[in-house]
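A short write-up of the structure that comes next.
Each ligand, and each atom within it, is numbered from 1 in the order the structure gives. Keep in mind that what you see is a predicted model, and the values were worked out from it rather than measured.
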Amino acid sequence: MITRNVNACIRDIQKHRFQDGSGTQTVVHLKGCPLYCISCPDPEIRNPGVRLVWDPIRARHFEDGRIYSVQEVLELCLDTPDSLGKTAERVLLTGGEALMQHSFVYELLSRLKEREVHTAVETTGYVIQSQFTKLLPLIDHLIFNVKHYEREMHRKITGVYNDLIIENLRNSLNSPSEVEVRLTLIPGLNDRPEDAEGFSRLLQRIGVKQVQLLPFINQAAPSGRQKTPDNASPLSEVEMAAYQDALQSHHMDCS
Ligand code: SF4
């Protein structure tokens with residue numbers, strides 16, 4: 001099929017081997033995100049265009065993002081070998097919000113599926129429902145990052161209500177995609193035992209049976225800037241285990 005000429009702004013395209021050595025994955029980091037998370041470690045990626053950003057470490061400006069066509073990304077994913085001479089067996093699209101540049105994502109995923117490449121997408125789920133529904137059949141593995149269970153609190157910490165996100169998550173559970181729900185525990189925002197209960201109640205109501213817990217990692221943005229909520233430090237292993245216990249006590253499996 002002829003690839004439609006759609007472009008997207010992409011931060012980075014990386015290849016790496018899976019830890020178990022079972023294959024090679026290409027990770028495509030798309031720019032743009034409609035959320036305003038107060039814990040966002042990388043606010044620069046929110047802008048969906050190419051931007052000039054100051055790098056305080058190298059003391060110079062650099063271009064954050066580059067415009068790629070679908071064909072260019074396909075060639076980079078499928079034809080360019082990694083350091084061990086392997087080409088990608090799986091392509092993961094992430095962001096920002098990977099689905100914000102949805103026309104490009106639709107074309108890219110369609111072409112990957114034609115070539116029988118395993119496709120994975122990491123999303124916040126904040127995507128217009130009709131666009132999300134159109135993309136779902138093209139996604140083998142959907143990684144759904146849920147930020148908060150309570151709608152007012154969700155708006156307070158991300159700038160948007162979670163109604164659309166919950167509806168898209170519910171729909172994805174009825175699709176052929178393998179859905180992985182991730183909760184990133186952010187100190188002071190969603191890390192109390194009562195938050196574990198709140199997540200369990202919401203997620204069970206829509207049919208989620210298992211979640212993956214992740215600690216908040218204070219990554220450096222390309223500009224070198226780091227940002228956390230006030231007094232935030234990642235949860236210790238003991239605190240993570242306690243949260244896991246709290247989820248399980250409310251009948252939610254987690255890893
Ligand atoms: S969804 Fe991710 S990229 Fe978007 S604002 Fe939140 S933390 Fe930043």
Electrostatic pair D253-K209, nearest N-O below 4.0 angstrom: no
Ligand-residue contact atoms, ligand 1 with T124, heavy atoms, under 4.0 Å: 1 (S)
Under 2.8 Å: N/O/S of C33 next to atom 6 (Fe) of ligand 1: no
Close approach, G96 and ligand 1, non-hydrogen under 4.0 angstrom: yes
Closest protein heavy atom to atom 6 (Fe) of ligand 1, given as residue, atom name and distance to 0.1 Å: C37 SG, 2.3 Å
Contact atoms of ligand 1, heavy-atom distance to L35 under 4.0 Å: 5 (S)
H148 and F199 aromatic ring geometry - parallel, tilted or perpendicular at 30°/60° bounds: tilted
Shortest non-hydrogen contact between N190 and K147, atoms and distance: ND2-O, 3.2 Å
Residue, atom name and distance, where the atom is the protein heavy atom closest to atom 2 (Fe) of ligand 1: K147 NZ, 4.1 Å
Distance under 6.0 Å and angle within 45° of ring axis: R46 vs Y36: yes
Candidates Q248, M240, Q212 - the one meeting side chain to side chain contact (heavy atoms under 4.5 Å, CB included) with C254: Q248
Side chain to side chain contact (heavy atoms under 4.5 Å, CB included) between K134 and Y106, worked out: CA-CA 8 Å; K134 194 174 160 192; Y106 179 80; 3.7 Å; yes
Heavy atom of the protein closest to atom 8 (Fe) of ligand 1 (residue, atom name, distance): C40 SG, 2.3 Å
